[in-house]
S.K.: 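Can you read through this structure? Questions will come right after.
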Amino acid sequence: MNKELMEALNILEKEKEISKETLFEAIENSLLTACKNHFGKADNVTVQIDRETCDFLVYATKDIVATPDEVEDEVTQICIDDAVAISKDAVIGGTINVEIKSKEFGRIATQNAKTVILQKIREEERSVVYNQFYEKEKDVVTGIVQRYTGRNISINLGKADAILNEAEQVKSEEFKPTERIKVYILEVKNTPKGPRILVSRTHPELVKRLFEAEVTEIKDGTVEIMSIAREAGSRTKLAVRTNNPNVDAVGACVGMNGARVNAIVEELRGEKIDIVNWDENPGNFIQNALSPAKIVAVFADPDEKTAKVVVPDYQLSLAIGKEGQNARLAARLTGYKIDIKSETQAKDAEGFRYEDYMYDEDGDVYYEEEYEESEYETEYDAPESDEEEYEEAPAGEADEDELSGNGDIE
């Protein structure tokens, strides 16, 4: 029994995760290559390796001829006298298996055999790593920051290195070597030099996967993430729902004292997260999506995917958000083109009829100066002040005038 070879194969299988069967095939191919280099051909050569003992046998199948003078090719033919010396059952016109001693191989043939084995091991190692990370494509993994290569960052994922391109980096984030971060695997490519793994810190799915890992109700399907809109490094809006009446979808994502959502905010380096309830009614969904702003009325057109929203004068800047961010994210979250106007602007705007939202079908007034905030419209920010972001602008000032002609948000 070849104990040394068996131990070497066991170590390779454990460390490189390469099956012993693959290694046996590599050894067989290497011996065939050595025979071809030594004899010039190996078409009639067979290699057998015992999978239990690692003992191997190399033999050539030769045709038996009558006399030595009839032997035209010593690699494929043998005379009857030599054949009988090997086996008494040999007959002219038949075939016989002649054992080939590997010790007969020259230095070059042996070196080539070694090269074949090493090449096969490298190929299988790359294949194992590729398959391992290909299964994790579109998922979140933890990596260690190694170094900056130009404007890109090299991330060590264990058995392979990933590339965080500049386009997939959050501009406000800075990393130090040996720092552990979570990244979203965008794509895994198989190249001759090994797997090329592209990761992202800006993809919306990163937030979704983080919630799936942090919130048990999302993982088991009790709470479902319906849509997500993100501006990486600044704010994310998340729409969730549940079919279980005993479960509060938003509360499950927030956690006790905000523990769950705060853990994700910390991982995203302070990025603000708004969690709202998803609703089949487009009007209600749009109203939730524009949280924390209070809404007077929503006119949604499901066919055209457009919506006209009326807000109190003092809530216009809050509904639109800093640099239009709140309205922009709400439009992405709902898939609707949203036109936001204040009450004053709506009265004079074409297509808006004040009486449409001042009275219900029975003619009763349902809008008053006081509005009740929906118990499900909840905004979760990083532990820093957000007072500067939302400043209430009195009706008629320049802020509203500038926005009145550009209220469409897609």
Side-chain angles (χ1 to χ4, degrees), residues 133-158 160-189 195-215 218 225-240 253 260-276 289 291 320-335 379-384 386 389 409-410:
F133 283 97
Y134 184 77
E135 294 176 357
K136 296 180 180 179
E137 197 174 62
K138 313 301 181 187
D139 205 351
V140 171
V141 295
T142 301
I144 300 175
V145 177
Q146 285 189 311
R147 62 189 177 277
Y148 279 83
T149 54
R151 295 185 178 180
N152 301 332
I153 304 176
S154 176
I155 310 291
N156 180 262
L157 302 180
D161 291 341
I163 300 173
L164 182 60
N165 292 326
E166 182 185 11
E168 300 298 335
Q169 299 174 27
V170 179
K171 294 181 179 179
S172 59
E173 291 182 342
E174 292 185 2
F175 303 111
K176 298 179 181 179
T178 71
E179 190 173 359
R180 299 178 68 88
I181 62 172
K182 291 186 183 295
V183 291
Y184 177 76
I185 298 181
L186 285 175
E187 186 180 17
V188 181
K189 298 179 180 179
R196 177 180 172 85
I197 306 170
L198 302 177
V199 297
S200 173
R201 284 280 295 179
T202 63
H203 202 284
E205 286 291 316
L206 172 62
V207 180
K208 184 177 180 180
R209 298 299 183 194
L210 290 175
F211 268 99
E212 290 175 352
E214 190 72 30
V215 182
I218 294 179
I225 297 176
M226 299 303 295
S227 62
I228 185 169
R230 184 186 185 201
E231 290 191 358
S234 180
R235 184 179 293 272
T236 293
K237 281 184 179 287
L238 199 72
V240 296
C253 295
R260 290 175 171 177
V261 72
N262 284 339
I264 298 172
V265 168
E266 184 177 352
E267 176 60 41
L268 298 176
R269 310 297 175 96
E271 182 175 316
K272 300 176 179 65
I273 300 177
D274 297 343
I275 307 173
V276 301
S291 170
I320 293 175
K322 186 178 182 180
E323 297 178 354
Q325 185 186 68
N326 191 56
R328 188 165 57 248
L329 288 175
R332 293 179 192 170
L333 190 71
T334 60
E379 179 184 351
Y380 302 96
D381 295 345
E384 58 187 55
D386 196 29
E389 181 167 353
I409 306 294
E410 295 186 8

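What's counted below: heavy atoms across the whole structure, side chains too, no hydrogens, waters or symmetry copies. Computed from a prediction, not measured in an experiment: that's the story for all the values here.
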S.K.: Looking only at heavy atoms, what is the nearest atom pair of V240 and C253, with distance?
M.R.: CG1-SG, 4.0 Å
S.K.: May I ask you to check whether over 12 heavy atoms, not counting those of R196, lie within 6.0 Å of atom CZ?
M.R.: no
S.K.: Do S172 and R269 come close enough that some side-chain heavy atom pair is under 4.5 Å?
M.R.: no
S.K.: Would you sort out whether L268 and L210 count as a side-chain contact (heavy atoms from CB on, under 4.5 Å), showing the intermediate values?
M.R.: CA-CA 10 Å; L268 298 176; L210 290 175; 3.9 Å; yes
S.K.: Cationic tip of K208 within the cone over F211's six-membered ring, i.e. under 6.0 Å and within 45° of the normal?
M.R.: no
S.K.: Strictly by salt bridge (Lys or Arg N to Asp or Glu O under 4.0 Å), give each pair with a member in residues 143-154 just once, sequence neighbours left out.
M.R.: R151-E166
S.K.: Within the 4.5 Å heavy-atom criterion, are L206 and R230 side-chain neighbours or not?
M.R.: yes
S.K.: Report the distance from atom CD1 of I181 to atom CZ of F175, rounding to the nearest 0.5 Å.
M.R.: 4.0 Å
S.K.: I197 and side chain to side chain contact (heavy atoms under 4.5 Å, CB included): which single residue from V183, I163, V188, L164 fits?
M.R.: V188
S.K.: Kindly write out the residues that satisfy side chain to side chain donor-acceptor pair (under 3.5 Å) with N156, not counting sequence neighbours, or none if the list is empty.
M.R.: D161
S.K.: Does T202 reach the side chain of E173, with side-chain heavy atoms less than 4.5 Å apart?
M.R.: no
S.K.: Go through it in stages, so that I can follow the logic: the residues are N326 and K237, the test is side-chain contact (heavy atoms from CB on, under 4.5 Å), and I'd like the CA-CA distance, side-chain angles, deciding distance and then a yes or no.
M.R.: CA-CA 9 Å; N326 191 56; K237 281 184 179 287; 3.0 Å; yes
S.K.: Hey, could you give me the CZ/OG1 distance between R332 and T236, rounded to the nearest 0.5 Å?
M.R.: 10.0 Å
S.K.: If the condition is ring pair (Phe, Tyr, Trp, His ring centres under 6.0 Å), which residues does Y148 pass it with, not counting sequence neighbours?
M.R.: none
S.K.: Heavy-atom count around E187 CD within 6.0 Å, excluding the residue itself: above 12?
M.R.: yes
S.K.: Could you check whether any side-chain heavy atom of I185 comes within less than 4.5 Å of a side-chain heavy atom of D139, counting everything from C-beta outward?
M.R.: no
S.K.: Find out whether E205 and V140 are in side-chain contact, i.e. whether some heavy atom of one side chain is under 4.5 Å from a heavy atom of the other.
M.R.: no
S.K.: Between atom CG of L198 and atom CD of E137, what is the distance when rounded to the nearest 0.5 Å?
M.R.: 9.5 Å
S.K.: Take atom OH in Y134; do more than 12 heavy atoms of anything else shown fall under 6.0 Å from it?
M.R.: no
S.K.: Can you tell whether the side chains of E231 and K322 come within less than 4.0 Å, N to carboxylate O?
M.R.: no
S.K.: Flag the pair L186 / H203 as yes when at least one side-chain heavy-atom distance between them is below 4.5 Å, and no otherwise.
M.R.: yes
S.K.: Do K176 and V145 make a side-chain contact, defined as non-hydrogen atoms from C-beta onward lying under 4.5 Å apart?
M.R.: no
S.K.: Between E271 and R201, does any side-chain N to carboxylate O distance fall below 4.0 Å?
M.R.: no
S.K.: Nearest 0.5 Å, what's the CG-CD1 distance between L238 and I228?
M.R.: 5.0 Å
S.K.: Distance from Y184 atom OH to K136 atom NZ, nearest 0.5 Å?
M.R.: 14.5 Å
S.K.: So, for D274 and S291, which heavy atoms are closest and what is the spacing to 0.1 Å?
M.R.: OD2-O, 4.2 Å
S.K.: Measure from the side-chain N and O atoms of E214 to the backbone N and O of A263, and report whether any donor-acceptor pair falls under 3.5 Å.
M.R.: no
S.K.: How close do A289 and A330 get, counting heavy atoms only, and between which atoms?
M.R.: O-CB, 3.7 Å
S.K.: Run L333 and V276 through side-chain contact (heavy atoms from CB on, under 4.5 Å) and show every step you take.
M.R.: CA-CA 10 Å; L333 190 71; V276 301; 4.0 Å; yes
S.K.: Give a yes or no on whether K189 atom NZ has more than 12 heavy-atom contacts from other residues, nucleotides or ligands under 6.0 Å away.
M.R.: no
S.K.: Hey, what do you get for OG (S234) to NZ (K272), rounding to the nearest 0.5 Å?
M.R.: 6.0 Å
